[in-house]
Amino acid sequence: MAYGRIKDILATEPCEQQIEVRGWLRTRRDARDFSFLEINDGSCLANLQVLAPASLENFRKTIQQLHTGCSLRAAGTLKKSPAKGQAVELHAATIELYGEADPDTYPLQKKRHSFEFLRTMGHLRPRTNSLGAVARIRSSLSHAVHRFFSSRDFILVHTPIITTIDCEGAGEMFRVTAPRPAAEGLAGSGADFFGRPASLTVSGQLQAEVYALALGRVYTFGPTFRAENSNTSRHLAEFWMVEPEMAFCDLADAMNLAESLLQHLIRHLLANDREDLDLFARYIDKTLPKRLEQVLAAPFARMRYTEAVALLEKSGKKFEFPVGWGTDLQAEHERYLSEEICARPVFITDYPKDIKPFYMRLNDDRKTVAAFDLLLPGIGEIIGGSQREERYDVLRARMEELHLSLEDYSWYLDLRKFGTAPHSGFGLGFERFIQFSTGMTNIREVIPFPRTPGSALY
């Protein structure tokens, strides 16, 4: 008897075939001579209805043990279903209980729970429709990211999670330390494990540049960390970044790639994940289909930071944070630009150098850098990128201006001494993109185990 996943079974034409399913019970409805069981195995949003007839061996005893949340195996004949909304159902010949779920203590009895409640039980929340759908979409998008870069001949580079450098220069990093293991004849036993301070990475960009300036086109996709005391719906202490780096590419090339990447991911979702997307459109964000199609409808808008600030200043809208040239744009400014002024995704370019990191290429005006942020309606900034400063003298002067250690970054300066080349890259906040793709308002719902200040369960 063939064991099948429910996703595949539901796409099967009923032909009286013998099948077996394994999953978790969502609901049970009893009649005098039979019971209806709704089983879900996580492969898709939909459940498979199983009809358990009274002719089953030990029918009453077996059925009385089946409660919401238990795991079981059902085997029998797949038949055409007479009920609306489902093409097939399984007429069980045998049912085996794997693991019980006590109805008095199993917490997911209701059909709807608040996301705040579900956050307190991260070990059970993937069993809900919404969080299960998020997990499938996250997986689907991850595969789509790799296919996008593979199709463009990018090389995947695994950059380190433990690092001795600060890419952003903000200093908000998690320190990693341990005593060096004692070893016979080894001087310095008991000192710092790496021989110098080390931290969890905030970005794989600088190390990716090393490989871009050897292999041409590379990307990294992995976890990054920020020790910010931020409890907003857009921030996590641990999150994932997609970061391509390209040699012989300028700022415009990087923006073109970012636009292509987002459109590729949206097309992938619309083609492969409709069932889960429809769930979010029905219950989370009714504007979701329109927003997704909007990404594909027209080229992204582009404007310079100076123009964006001028438009915000004359908009007449009262913002919580004041707008002025030389200040960083806040989420409310970013959303106004993308939602009200442009009504589509928009690239903001050429930011003041004083609010951007040291590695961004200085423009001819000596005041701004060749940088961009991509803003999406409903989210704000989702990608940040730049053309990297490839000129040794300019980069060194910028680092001295910011009092960075030339010794610590000597290897980074070497890249500008030995075969330097124009190069660009960006970072896509993966969780923010999942927020945009699902309509989920809190970033804690789009990562399996959220890490935020004061909270790191599991």
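Counting only N and O atoms by type, the side chains of Asn272 and Arg267 include no donor and acceptor under 3.5 Å apart. Asn363 and Thr368 share a side-chain donor-acceptor pair at under 3.5 Å. Under 3.5 Å, the side chains of Glu209 and Tyr359 contain no donor-acceptor pair of N or O atoms. In summary, the side chains of Tyr106 and His67 do not present any donor paired with an acceptor at a separation below 3.5 Å, with no hydrogens or angles considered. Side-chain polar atoms of Trp325 and Thr306 form a donor-acceptor pair below 3.5 angstrom. For the residue pair Thr159 / Thr220, a side-chain donor-acceptor distance below 3.5 Å is found, with atom types taken as modelled.
Checked for salt-bridge contact, Arg138 and Glu431 meet the test: a charged N lies under 4.0 Å from a carboxylate O. Using a cutoff of 4.0 Å between basic side-chain nitrogens and carboxylate oxygens, Asp408 and Arg196 are scored as salt-bridged. Using a 4.0 Å cut-off between a side-chain N of Lys or Arg and a carboxylate O of Asp or Glu, Arg304 and Glu307 do not qualify as a salt bridge. In this structure, Glu245 pairs ionically with Arg388, as a charged nitrogen and a carboxylate oxygen lie closer than 4.0 Å. Salt bridge Arg73/Glu96: present, at least one basic N to carboxylate O contact under 4.0 Å. Salt-bridge check for Arg361 with Glu390: passed, with a basic side-chain N closer than 4.0 Å to an acidic carboxylate O. A salt bridge is absent between Glu400 and Arg398: the closest approach of a Lys/Arg side-chain nitrogen to an acidic carboxylate oxygen does not fall below 4.0 angstrom. By the 4.0 Å N-to-carboxylate-O rule, Arg125 lies close enough to Glu445 to be salt-bridged with it. At a threshold of 4.0 Å, the pair Asp285-Lys290 does not count as salt-bridged, since none of the basic side-chain nitrogens sits closer than that to a carboxylate oxygen.
At most 12 heavy atoms of other shown residues, nucleotides or ligands fall within 6.0 angstrom of atom CZ in Arg112. Other residues, nucleotides and ligands place no more than 12 heavy atoms under 6.0 Å from the OH atom of Tyr283. Within 6.0 Å of CZ on Phe154 lie more than 12 heavy atoms contributed by other residues, nucleotides or ligands. Heavy atoms from other residues, nucleotides or ligands lying under 6.0 Å from CZ of Arg366 number 12 at most. Counting heavy atoms of neighbouring residues, nucleotides and ligands inside a 6.0 Å radius, atom CG of Asp102 exceeds 12 of them. Within a 6.0 Å sphere centred on CG of Asp365, heavy atoms belonging to other residues, nucleotides or ligands number more than 12. Shown here is Phe248, whose CZ atom has no more than 12 heavy atoms of other residues, nucleotides or ligands within 6.0 Å.
Residues Leu376 and Pro345 form a side-chain contact, since some pair of their non-hydrogen atoms from C-beta on lies under 4.5 Å apart. At a threshold of 4.5 Å between non-hydrogen side-chain atoms, the residues Pro103 and Gln109 count as touching. Contact annotation: the side chain of Ile165 approaches that of Trp411 to within less than 4.5 Å [non-hydrogen atoms, C-beta and beyond]. Contact of the Glu340 side chain with the Lys317 side chain is not registered, since no non-hydrogen atoms from C-beta on lie closer than 4.5 Å. Phe115 places a side-chain heavy atom less than 4.5 Å from the side chain of Ser130. At a threshold of 4.5 Å between non-hydrogen side-chain atoms, the residues Cys44 and Glu275 count as touching. Looking at Tyr211 and Ile155, their side chains never come closer than 4.5 Å, going by heavy atoms from C-beta outward. Contact annotation: the side chain of Glu389 never approaches that of Met360 to less than 4.5 Å [non-hydrogen atoms, C-beta and beyond].
When all heavy atoms of Ile161 and Pro223 are compared, the pair lying nearest together is CD1-CG, 3.8 Å. The heavy-atom pair separating Pro299 from Glu259 by the smallest distance is CA-OE2, 3.4 Å. In terms of heavy atoms, Glu381 sits closest to Glu334 at N-OE1, 3.0 Å. The shortest non-hydrogen separation linking Asp276 to Ala133 is OD1-CB, 3.5 Å.
Both the sub-6.0 Å distance and the 45° axial angle are not jointly satisfied by Arg344 relative to the ring of Phe300. Under a cutoff of 6.0 Å and an axis angle of 45°, Arg291 and Phe436 form a cation-pi pair.
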Requested in this report: Quick one: do Phe221 and Phe430 satisfy ring pair (Phe, Tyr, Trp, His ring centres under 6.0 Å)? Show the steps, please.
Outcome: CA-CA 9 Å; Phe221 184 9; Phe430 194 52; 5.0 Å; yes

Report task. Assess whether salt bridge (Lys or Arg N to Asp or Glu O under 4.0 Å) is satisfied between Arg26 and Glu38, documenting all intermediate values. Result -> CA-CA 5 Å; Arg26 289 294 177 85; Glu38 295 285 335; over 6 Å; no

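Just one residue in the list Asp350, Asp373, Asp328 forms a salt bridge (charged side-chain N to carboxylate O under 4.0 Å, His left out) with Lys356, and that residue is Asp373.
Between Tyr219 and His146, the distance from one ring center to the other falls under 6.0 angstrom. Taking the six-membered ring for Trp, Phe372 and Tyr351 have ring centres at least 6.0 Å apart. The aromatic ring centroids of Phe319 and His333 lie less than 6.0 Å from each other.
Classified by interplanar angle (parallel below 30°, tilted 30° to 60°, perpendicular above 60°), the ring pair Phe358/Tyr412 is perpendicular.
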